[in-house]
Number of protein chains: 2
Amino acid sequence: MIDRKSPVPMYYQIEQYIEQLIESRNLKSGDQIPSEREFTDQFHVSRMTVRQAVMNLVHSGVLVRIKGKGTFVSNQNKIEKSLLGLNGFSEDMISRGMKPGSFMMSFARIRAAAKVADRLALDEHDDVFEIKRTRFADDEPMAIETSYIPAKMVPDLTEDQVSPSLYQYIERQCGLPFDHAVQSIEASVVTAEEAKILAIPKGSPILLIERCSYLKNGRPIELTKSLFRADRYKFMVKLPRG
Amino acid sequence: MIDRKSPVPMYYQIEQYIEQLIESRNLKSGDQIPSEREFTDQFHVSRMTVRQAVMNLVHSGVLVRIKGKGTFVSNQNKIEKSLLGLNGFSEDMISRGMKPGSFMMSFARIRAAAKVADRLALDEHDDVFEIKRTRFADDEPMAIETSYIPAKMVPDLTEDQVSPSLYQYIERQCGLPFDHAVQSIEASVVTAEEAKILAIPKGSPILLIERCSYLKNGRPIELTKSLFRADRYKFMVKLPRG
DNA sequence: AACGTATAGATGTCTAGACATGTACTTCTA
DNA sequence: TAGAAGTACATGTCTAGACATCTATACGTT
């Protein structure tokens, strides 16, 4: 179970062992894991080494410790998790218990406008894919979304690949791992045209969300501007301690 | 510097000492902090105790360690940090390069309304402090803020303590460490009364932000509802990888 | 000048204990 | 029967070391 001769530190092997127990559903949310003493006996390592493994998992939110009681698998549910992380529209709607839908209004390869080129750190003459979609939740229009993606990063992008999940295509097919996104949220009121698409009265308040996603290497990979109906959509986010 | 008789653990005292060095700009971004050995000599504690303090700050992103070289203050710049973390109005405005101001409209100890009691996990008959403030940025009204704090958690709260920094009072004076906050952001339009306070036209769009802060022990400690002028304020957030 | 070795000093991993504190339960006592 | 005391066991804090590994530098040797 634990290889003392391995160059992989023992505390890390124990970490992986615990995570694997959770992954394989041998331990479920809220379950108590073996005590430090039990791990000490099981793996023949000192208590401090067990603690190092367990504390790492506590810091990353996988486990929760309660003094005098024990250590438990975090029941940080999916909705909490989705508040913390980077998700596309579909994942967002699913975590809210709604059925996501999408209608592509246009898909084109165009020269990047100055503002877009600036945000995506491109030269003026570089191309981007521009994807305009109306987004639905439970078959009602929820948002208007316009995405820009540098053509040189994802040269073979087609309309078909966008539909299932743009994020998964970029991450898995292209092997470009996401790192984080910076999002800005403003309030505004709809124009007549937007009101028509979203099926809401003229002058209704809307949430204007702009998101720029970055890869692990620091390069921006996607800029998305979204207009959400304010009567149906509330943006939620969980902020860790400052 | 370090009080061995204090019930506050030594590793935590060391944590606060290091954070204070950074706060007071004695240590700047990228600076190397004293080595574990030096702290051991300075505070007469064992190396493992120093490590516990330092590793906590590494896990929370304040410090970065490089094997064989040393431990350094994270150069995650302020604006990045403020996007990721939990900040009060004043910190938020300062990180935007504006001068924060505040006018207290009311400060009272009242019975919690049902909605507030629910969010703060209180009984119906529990008291809360209600703090209503108009917030200014560069001497112009920017937001209307109403905060609720359970009276039993902070029984001795007075108007004077709120003014400099409510967060610091709770965290340092009361010894109640924050863990995270959950924030929801909606768009709406102002009422006549609100428009007057914020000095904007009737029917202007506003950002309605509700924040509930939680302590390390999981208990909610603060509920704040804010109305921000949409023409001046944009909410920004950094989302780590999903 | 280029390369390899030695060394100092930093963090990384690990041990085998100690006592403190909180929780749950049992047992004793008034 | 209610409350106090005890006890088992959990995590929390802390020690004084050990050896490993990595970085940077100094110093020889070729």
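Chain letters run A, B, ... following the sequence lines, proteins first, then strands; residues in each count from 1.
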Quiz item: Heavy atom of residues 28-39 of chain A under 4.0 Å from DNA chain D: which residues?
Solution: A/Ser35, A/Glu36
Quiz item: CZ of B/Arg4 versus P of D/dC14: gap in Å, rounded?
Solution: 8 Å
Exercise. Would you list the pairs meeting ring-ring contact (aromatic ring centres under 6.0 Å, His included) in which at least one residue belongs to residues 79-103 of chain B, sequence neighbours left out?
Key: none
Practice problem: Over 60° means perpendicular and under 30° means parallel, so classify the ring planes of B/Tyr233 and B/Phe228, tilted if in between. | Solution: parallel
Quiz item: A/Asp3 CG to C/dC14 C1': how many Å, rounded?
Solution: 16 Å
Quiz prompt | Aromatic plane relationship, B/His59 with A/His59 - under 30° parallel, 30 to 60° tilted, over 60° perpendicular | solution = parallel
Quiz item: With sequence neighbours excluded, what pairs up with A/Tyr11 under the ring-ring contact (aromatic ring centres under 6.0 Å, His included) test?
Solution: none
Self-check item: Heavy-atom side-chain contact between A/Leu239 and B/His180 under 4.5 Å
Solution: no
Quiz prompt | Rounded distance in Å - CG (B/Asn56) to C1' (D/dG12) | solution = 12 Å
Self-check item: Distance in angstrom units between B/Tyr11 OH and D/dT15 P, rounded
Solution: 13 Å
Practice problem: For B/Lys69, check salt bridge (charged side-chain N to carboxylate O under 4.0 Å, His left out) against everything at least two apart and list the hits. | Solution: none
Exercise. Taking side chain to side chain contact (heavy atoms under 4.5 Å, CB included) as the test, write out the residues that go with B/Asp3, two or more places apart.
Key: B/Lys5, B/Ser6, B/Gln13
Quiz item: Could you state the CZ-P distance from A/Phe43 to C/dT15, rounded to the nearest angstrom?
Solution: 13 Å
Exercise. Could you list the residues that satisfy salt bridge (charged side-chain N to carboxylate O under 4.0 Å, His left out) with B/Asp31, not counting sequence neighbours?
Key: none
Quiz item: To the nearest Å, how far apart are B/Phe72 CZ and D/dC22 P?
Solution: 17 Å
Self-check item: Any A/Arg65 side-chain N or O less than 4.0 Å from OP1/OP2 of D/dG12
Solution: yes
Practice problem: Using the test side chain to side chain contact (heavy atoms under 4.5 Å, CB included), find all partners of B/Asp126 that sit at least two apart in sequence or belong to another chain. | Solution: B/Leu122, B/Asp123, B/Lys152
Practice problem: May I ask you to evaluate whether B/Thr71 reaches the phosphate of C/dT11, defined as a side-chain N or O under 4.0 Å from OP1 or OP2? | Solution: yes
Quiz prompt | Stretch residues 46-54 of chain B: residues that reach within less than 4.0 Å of DNA chain D through a heavy atom | solution = B/Ser46, B/Arg47, B/Met48, B/Thr49, B/Gln52
Self-check item: B/Gln52 side chain to B/Thr49 side chain, donor-acceptor N/O pair below 3.5 angstrom
Solution: no
Quiz item: Are the ring centres of B/Tyr167 and B/Phe178 closer than 6.0 Å?
Solution: yes
Quiz item: A/Glu38: what forms a side chain to side chain contact (heavy atoms under 4.5 Å, CB included) with it, not counting sequence neighbours?
Solution: A/Pro34, A/Ser35
Quiz prompt | Validation row: B/Ile131, B/Thr146 side chains within 4.5 angstrom (heavy atoms) | solution = no
Dump the pairs, protein N or O against N or O of nucleotides 23-26 of chain C, anything under 3.5 Å, distances to one decimal.
residue	atom	partner	partner atom	Å
C/dA24	OP1	A/Lys69	NZ	3.3

Self-check item: Spacing of A/Ile14 atom CD1 relative to C/dT13 atom P, expressed in whole Å
Solution: 12 Å
Exercise. Starting at atom CE of B/Met10, determine the distance to atom P of D/dG12, rounded to an integer number of angstrom.
Key: 17 Å
Quiz prompt | Bend angle of the helix from C/dA1-D/dT30 to C/dA30-D/dT1, from helix axes over five pairs at each end, nearest 10° | solution = 0°
Quiz item: With sequence neighbours left out, what residues match B/Arg219 under side-chain hydrogen bond (donor to acceptor under 3.5 Å, both in side chains)?
Solution: none
